[in-house]
Amino acid sequence: MTDLSATVSDRGAARWVRGHPWIYRSDVIKAPADPGIARVLDPRGRYLGQALCSPRSEITLRLLDRSDPTIDRAWWAERIRQAQARRVGIDANAWRVVHGEGDGLPSLIVDRYDRWVVVQLLSAGLESVRDDVLAALVAELAPAGLLLRNDVAVRRLEGLPESIELVMGEVPRKIEVREGTVRYLASPWDGQKTGAFLDQRPNRILAESLVPEGGEALDCFSYHGSFALHLAVRAARVIAQDSSGEALARGAENARLNRRDNLEWLEGDAFEVLRDFEHRRRHFDAIVLDPPAFAKSRAAIPEALRGYKEINLRALRLLRPGGFLLTASCSFHIRRPEFMQMLWEAAADSGRVTRLVQLIGQGEDHPEIVTIPETGYLKGAVLQVR
Ligand code: SAH
């Protein structure tokens with residue numbers, strides 16, 4: 001339906017010109033009363049584009065198309081095909097097929113796990129065209145089953161309920177995923193995000209090469225052992241650490257799946273575990289730090305930076321000469337410059353000669369558009385100490 005129209009201020013219109021698809025409520029002069037797809041005009045009545053409209057959200061408009069096509073099932077299918085085409089050659093059978101705004105499909109998340117697909121509809125505007133979107137996904141991806149993981153808090157800001165819903169076919173409780181040389185079980189119904197943290201895939205594969213044959217490695221904030229399993233390919237011994245015993249139990253199951261017996265599962269708080277290792281003068285050849293977002297809001301940034309610095313400082317001190325640290329932050333509110341500044345301060349305090357090996361970010365299946373900061377959240381680095 002394209003018979004709804006909205007009018008936005010010049011400032012709102014300028015956002016689209018500058019490459020950001022959102023127009024906030026404060027820049028909307030007139031909007032339809034109900035969620036849907038709106039034709040958007042500037043204050044002089046000039047046509048600007050079509051957008052998803054969420055009347056109750058602070059983000060009222062999300063740009064879909066600046067030309068004037070009919071936004072129907074075929075339109076969604078074409079955008080999904082374009083997203084698919086950006087993802088050929090991934091060395092895994094699970095990846096993000098649609099990364100919302102990063103793929104020109106605002107508020108739509110689609111993750112593939114082998115033959116199954118897990119979807120999140122994150123705005124009221126998108127929810128209003130749900131049938132077209134889901135039909136296009138089924139047609140383009142031909143999944144064995146499609147699950148909606150709409151149990152996401154941001155839906156409340158859109159006036160939408162949270163729910164988990166099987167839309168077509170069957171989706172198993174556990175799906176075996178292959179990632180490079182490693183296999184693990186994703187939990188589409190009740191795992192974090194849509195069942196696994198797909199954004200770190202290339203960094204996990206990279207981690208495999210950071211530990212010498214027969215070395216010792218530590219994976220902090222391991223979840224179900226995703227980095228640890230890669231480290232264990234060459235290491236003699238890997239400690240996988242997490243505060244969730246339930247996640248670690250699934251990690252142990254993943255180790256069995258890979259026929260590995262060189263992993264140890266350590267439940268506890270990473271801050272305490274790192275402090276304890278330092279007291280006991282334990283050392284490692286490679287350490288991974290992949291914590292949850294410490295900064296959930298702008299106000300939390302200073303405290304979060306102190307937390308990041310503490311774990312990075314301790315990890316650097318625990319490394320043997322020549323050892324590698326792979327460190328990351330998924331806090332949207334902490335951008336790359338602040339993260340790198342924190343890391344340099346940790347390196348300075350550690351007293352170790354620290355070399356920057358590589359900057360890392362989210363995988364290519366999570367495209368980060370530079371004019372849309374919200375599409376990028378994962379940043380990090382690989383460091384080596386002398
Ligand atoms: N590295 C994982 C993802 C980690 S997500 C992967 O690539 O799949 C962050 C993890 O940190 C979660 O599993 C969560 O249980 C754990 N966590 C949160 N707070 C923690 C703490 N203080 N100490 C240790 N683990 C923590």
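All of these numbers come straight from a predicted model, not from anything done at the bench. The residues of the chain are indexed from 1 along the displayed sequence. Every heavy atom of this structure was used, including side-chain atoms; hydrogens, water molecules and symmetry mates were not.
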Beyond-backbone contact of Asp276 with Val273, side-chain heavy atoms, under 4.5 angstrom: no
Donor-acceptor pair, side chain of Glu158 and main chain of Ala124, under 3.5 angstrom: yes
Quick one: does Cys220's side chain get under 4.5 Å of Leu274's, heavy atoms only? yes
Would you say Val138 ends up clustered with Val119 if hydrophobic residues are merged whenever their side chains have heavy atoms under 4.5 Å apart, either directly or through other cluster members? yes
CZ of Phe277 to CG of Leu218: how many Å apart, nearest 0.5 Å? 5.5 Å
Check the side chains of His230 and Glu179 for a donor-acceptor pair under 3.5 angstrom, ignoring hydrogens and angles. yes
I'd like to check the ring-ring contact (aromatic ring centres under 6.0 Å, His included) partners of Tyr223; sequence neighbours left out, ordered by chain and number. Phe197
Arg306 vs Glu310, test: salt bridge (charged side-chain N to carboxylate O under 4.0 Å, His left out). Steps then yes/no. CA-CA 6 Å; Arg306 277 194 291 278; Glu310 177 175 341; over 6 Å; no
Is atom CZ of Arg386 surrounded by more than 12 heavy atoms (other residues, nucleotides or ligands) closer than 6.0 Å? no
Do Arg39 and Asp68 make a side-chain contact, defined as non-hydrogen atoms from C-beta onward lying under 4.5 Å apart? yes
For Leu316 and Ala347, the nearest pair of non-hydrogen atoms, with its separation, is CD1-CA, 3.7 Å
For the residue pair Tyr113 and Ala196, what are the closest heavy atoms and their distance? OH-N, 3.2 Å
Full working for salt bridge (charged side-chain N to carboxylate O under 4.0 Å, His left out) between Arg178 and Asp91: CA-CA 8 Å; Arg178 181 193 64 80; Asp91 184 17; 3.0 Å; yes
Arg201 and Ile90, any side-chain heavy atoms less than 4.5 Å apart: yes
Interatomic distance, CZ@Arg183 vs CG@Leu229, rounded to 0.5 Å, equals 10.5 Å
Which pair of heavy atoms, one from Pro292 and one from Tyr308, lies closest together, and at what distance? O-OH, 3.7 Å
Check against side-chain hydrogen bond (donor to acceptor under 3.5 Å, both in side chains), Arg298 and His333: CA-CA 6 Å; Arg298 292 188 61 79; His333 296 286; 4.8 Å; no
Go through the steps to decide whether Glu208 and Arg234 satisfy the test salt bridge (charged side-chain N to carboxylate O under 4.0 Å, His left out), and finish with yes or no. CA-CA 7 Å; Glu208 222 168 285; Arg234 285 165 61 172; over 6 Å; no
Less than 3.5 Å apart, any donor N or O on the side chain of Trp76 or Glu140 sitting next to an acceptor on the other? no
Exceeds 12 heavy-atom contacts within 6.0 angstrom, atom NZ of Lys174: no
Shortest non-hydrogen pair, Phe294 vs Pro291, comes out as CZ-CB, 3.6 Å
Taking the side chain as C-beta and beyond, is there a heavy-atom pair between Lys379 and Arg335 under 4.5 Å? no
Indicate the ring-plane relationship of His99 and Tyr377, choosing parallel, tilted or perpendicular according to the 30° and 60° boundaries. tilted
Is Arg44 paired with Asp10 through a side-chain N to carboxylate O contact shorter than 4.0 Å? yes
State, to 0.1 Å, how close Leu248 and Trp265 come at their nearest heavy-atom pair, and which atoms those are. CD2-CE3, 3.7 Å
Determine, step by step, whether Arg86 and Asp103 satisfy the salt bridge (charged side-chain N to carboxylate O under 4.0 Å, His left out) criterion, reporting the C-alpha distance in whole Å, the side-chain angles of both residues, the deciding distance to 0.1 Å, and the verdict. CA-CA 9 Å; Arg86 290 182 200 109; Asp103 283 299; 2.6 Å; yes
Min side-chain heavy-atom separation Pro106-Glu101 under 4.5 Å: yes
Of all the heavy-atom pairs spanning Leu378 and Cys330, show the shortest one and how long it is. CD1-CB, 3.9 Å
Minimum side-chain heavy-atom gap Arg130-Leu121 below 4.5 Å: yes
As a quick check of understanding, evaluate side-chain hydrogen bond (donor to acceptor under 3.5 Å, both in side chains) for Asn150 and Ser163, giving each step before the final call. CA-CA 5 Å; Asn150 279 340; Ser163 67; 4.9 Å; no
Verdict with supporting geometry, Arg314 and Arg275, side chain to side chain contact (heavy atoms under 4.5 Å, CB included): CA-CA 7 Å; Arg314 290 189 193 281; Arg275 208 175 302 144; 3.6 Å; yes
Is any side-chain heavy atom of Ile109 less than 4.5 Å from a side-chain heavy atom of Arg96? yes
